[in-house]
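Just below is one structure, and these are the notes that go with it.
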Amino acid sequence: PEREAFWTLGSGSFGTPPNIGKGAPDGDPTISCANIGFEGILSTPAIDGNTAFVVASQISGSYQAPGSYSFFLYSIDLTSGVATKMSSAITATVTGGIGPVTFTPRVQIQRPALTIVTRGGNKFLLIAFSSSCDAPNPFYGWLYSYNVTNPSAQNLAPAGLWNDSSANTDPDGSFAQGGIWMSGMGPAVDNSGNVYLATGNGDYYNPGTVYSDSIVKLTVNATTGALAPVDYFTPYNQHDLQFSDLDLGVSGVSWIQSANMLLSGSKEGKLYLLNANNLGGYKQGQGGTDGVLCKMQGSCDQFGPKSGQS
């Protein structure tokens with residue numbers, strides 16, 4: 001399980017800032033997850049000069065009590081080891097396809113690395129969330145931006161917010177999902193400050209407004225930090241991926257600067273090469289196939305060799 005310790009390595013110095021993510025020792029026993037803990041620091045920090053930014057979870061009181069789970073943003077001075085709690089508990093509510101959708105820390109986990117985007121004179125920290133082992137439903141993919149231009153700031157509210165599947169109109173609503181996993185990688189950022197990320201399994205009732213099993217391009221407003229999706233790609237066989245647990249978003253997204261292309265892979269064993277200026281949408285290729293530059297099928301998916309291959 002994760003812990004709240006933080007070390008700096010380089011000149012022989014080590015630091016463990018106090019009071020980061022102090023909580024219960026072994027997470028919530030009602031959520032079965034053998035390989036991911038539920039307290040302390042999980043994701044890779046972002047570093048800007050002599051400041052590191054981390055997100056830590058905290059559990060207080062009863063496991064299932066309202067408000068017992070929280071995520072907080074901290075800055076850490078790498079020269080002194082002093083930690084500053086920059087945010088109140090990370091939370092949000094957005095308008096959903098079937099009603100309001102509220103961030104529920106107990107079922108979300110902050111897996112992807114933190115990423116800093118510089119826009120104009122502002123620095124925005126991107127914080128993405130997936131789920132605690134796909135259970136319990138419903139969970140969502142969330143992306144927050146925080147203005148960390150002043151690393152000593154406190155009580156920050158999110159500058160920008162995006163939920164990738166809240167527009168789902170499934171009356172059940174229990175399979176919205178679309179967690180942002182990316183094997184712990186952070187979102188990719190190009191030279192113009194555009195952000196690219198990949199999402200996992202989920203319902204896909206509204207192509208272009210619900211982004212499960214998708215690669216998504218977002219802009220970050222240089223003044224406010226607001227996040228807005230501007231392009232996306234979803235595999236033509238998303239329905240099969242969803243019900244076979246073959247998420248697209250198992251890997252991160254790599255931006256190839258020299259060609260302005262994106263490379264990403266999936267549990268299906270496929271690699272996708274995309275044009276960063278036109279990701280390909282949904283079924284925009286010939287005959288309703290994938291509108292991407294290229295895709296390559298590997299010999300295995302997550303469950304073993306593909307049929308007829310060894």
Side-chain angles (χ1 to χ4, degrees), residues 43-49 53 55 110-130 141-148 159-164 178-200 208 211-222 225-235 238 241 247-282 284-285 290-298:
S43 66
T44 301
I47 295 177
D48 181 46
F53 299 96
V55 169
Q110 207 283 292
R111 182 83 178 273
L114 306 184
T115 301
I116 297 173
V117 180
T118 301
R119 301 285 287 126
N122 291 311
K123 296 177 181 180
F124 296 102
L125 184 75
L126 302 180
I127 305 172
F129 288 85
S130 54
W142 296 83
L143 181 68
Y144 293 81
S145 70
Y146 278 82
N147 190 329
V148 295
L161 172 68
W162 179 64
N163 180 302
D164 63 20
I180 304 171
W181 294 91
M182 303 197 299
S183 293
M185 290 181 63
V189 181
D190 67 20
N191 287 340
S192 298
N194 297 304
V195 174
Y196 305 90
L197 53 78
T199 67
Y211 299 95
S212 301
D213 283 313
S214 299
I215 296 170
V216 186
K217 178 179 182 178
L218 302 102
T219 58
V220 182
N221 186 283
L227 302 167
V230 294
D231 199 2
Y232 74 100
F233 162 69
T234 306
Q238 189 279 335
L241 300 182
D247 309 43
L248 173 67
V250 67
S251 72
V253 179
S254 296
W255 176 58
I256 305 172
Q257 180 177 359
S258 60
N260 197 28
M261 296 178 183
L262 306 177
L263 184 67
S264 190
S266 71
K267 285 184 182 178
E268 195 180 13
K270 284 183 180 176
L271 281 174
Y272 295 92
L273 186 66
L274 296 82
N275 179 348
N277 290 326
N278 181 9
L279 299 190
Y282 179 55
Q284 293 184 10
D290 293 330
V292 298
L293 296 176
C294 181
K295 58 184 177 181
M296 180 179 67
Q297 176 66 61

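By the salt bridge (Lys or Arg N to Asp or Glu O under 4.0 Å) test, D190 pairs with no residue at all, sequence neighbours left out.
The backbone N or O of G252 sits less than 3.5 Å from a side-chain atom of S264, completing a donor-acceptor pair. The main-chain N or O of A259 is never found under 3.5 Å from a side-chain atom of Q257 such that the two would form a donor-acceptor pair. Judged purely by atom type and a 3.5 angstrom limit, T199 uses its side chain to pair as donor or acceptor with the backbone of S214. In this structure, Q110 contributes its side chain and V55 its backbone to no donor-acceptor pair below 3.5 Å. A donor-acceptor distance shorter than 3.5 angstrom exists from the side chain of R119 to the backbone of V220, with no hydrogens or angles considered. Between the side chain of S145 and the backbone N or O of G160 there is at least one donor-acceptor pair closer than 3.5 Å. Proximity of a side-chain donor or acceptor of Q284 to a complementary backbone N or O of V292 within less than 3.5 Å is not detected. In this structure, the side chain of D231 does not engage the main chain of K217 through any donor-acceptor pair within 3.5 Å.
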T44 vs L114, test: side-chain contact (heavy atoms from CB on, under 4.5 Å). Steps then yes/no. CA-CA 6 Å; T44 301; L114 306 184; over 6 Å; no
For N191 and W255, what are the C-alpha separation, side-chain angles and deciding distance, and is it a side-chain contact (heavy atoms from CB on, under 4.5 Å)? CA-CA 10 Å; N191 287 340; W255 176 58; 3.6 Å; yes
Applying side-chain contact (heavy atoms from CB on, under 4.5 Å), run through L143 and I127 and close with a yes or a no. CA-CA 6 Å; L143 181 68; I127 305 172; 6.0 Å; no
Decide yes or no on side-chain contact (heavy atoms from CB on, under 4.5 Å) for V216 and D164, but give the supporting numbers first. CA-CA 9 Å; V216 186; D164 63 20; 6.0 Å; no
CA sep, side-chain torsions, deciding dist, call: W162, Y211, ring pair (Phe, Tyr, Trp, His ring centres under 6.0 Å): CA-CA 11 Å; W162 179 64; Y211 299 95; 5.6 Å; yes
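Atoms CD1 and NZ, on I116 and K123 in that order, are 7.0 Å from each other to the nearest 0.5 Å. The distance from the CG atom of N163 to the OH atom of Y144 is 8.5 Å, given to the nearest 0.5 Å. Residue L197 holds its CG atom at 9.5 Å from CD1 of I215, rounded to the nearest 0.5 Å. Annotation: the span from N194 atom CG to N277 atom CG amounts to 8.5 Å, rounded to 0.5 Å. Rounding to the nearest 0.5 angstrom, the gap separating the CE atom in M296 from the CG atom in L263 is 8.0 Å. Interatomic distance, R111 CZ to S43 OG, rounded to the nearest 0.5 Å: 10.5 Å.
For an aromatic pair to be called close, the ring centres must be under 6.0 Å apart, and F233 with Y282 fails this.
A pairwise comparison of heavy atoms in W181 and G249 identifies CB-O, 3.9 Å as the closest pair. Taking each heavy atom of P187 and V195 in turn, the nearest pair found is CB-CG1, 3.6 Å. Contact between N122 and A222 at its shortest, heavy atoms only, is ND2-O, 2.9 Å. Here the closest heavy-atom approach between residue V250 and residue K267 is recorded as CG1-N, 3.3 Å. Nearest heavy-atom pair, Q297 versus E268, reported as atom, atom and distance to 0.1 Å: NE2-O, 2.9 Å. Residues V189 and T115 approach most closely at CG2-CG2, 3.8 Å, considering heavy atoms.
A side chain to side chain contact (heavy atoms under 4.5 Å, CB included) with Y272 is found for exactly one of P235, S251, C294, namely P235. A side chain to side chain contact (heavy atoms under 4.5 Å, CB included) with L125 is found for exactly one of V117, N147, V148, D48, namely V148.
In this structure the side chain of K295 reaches within 4.5 angstrom of the side chain of D290, judged on heavy atoms.
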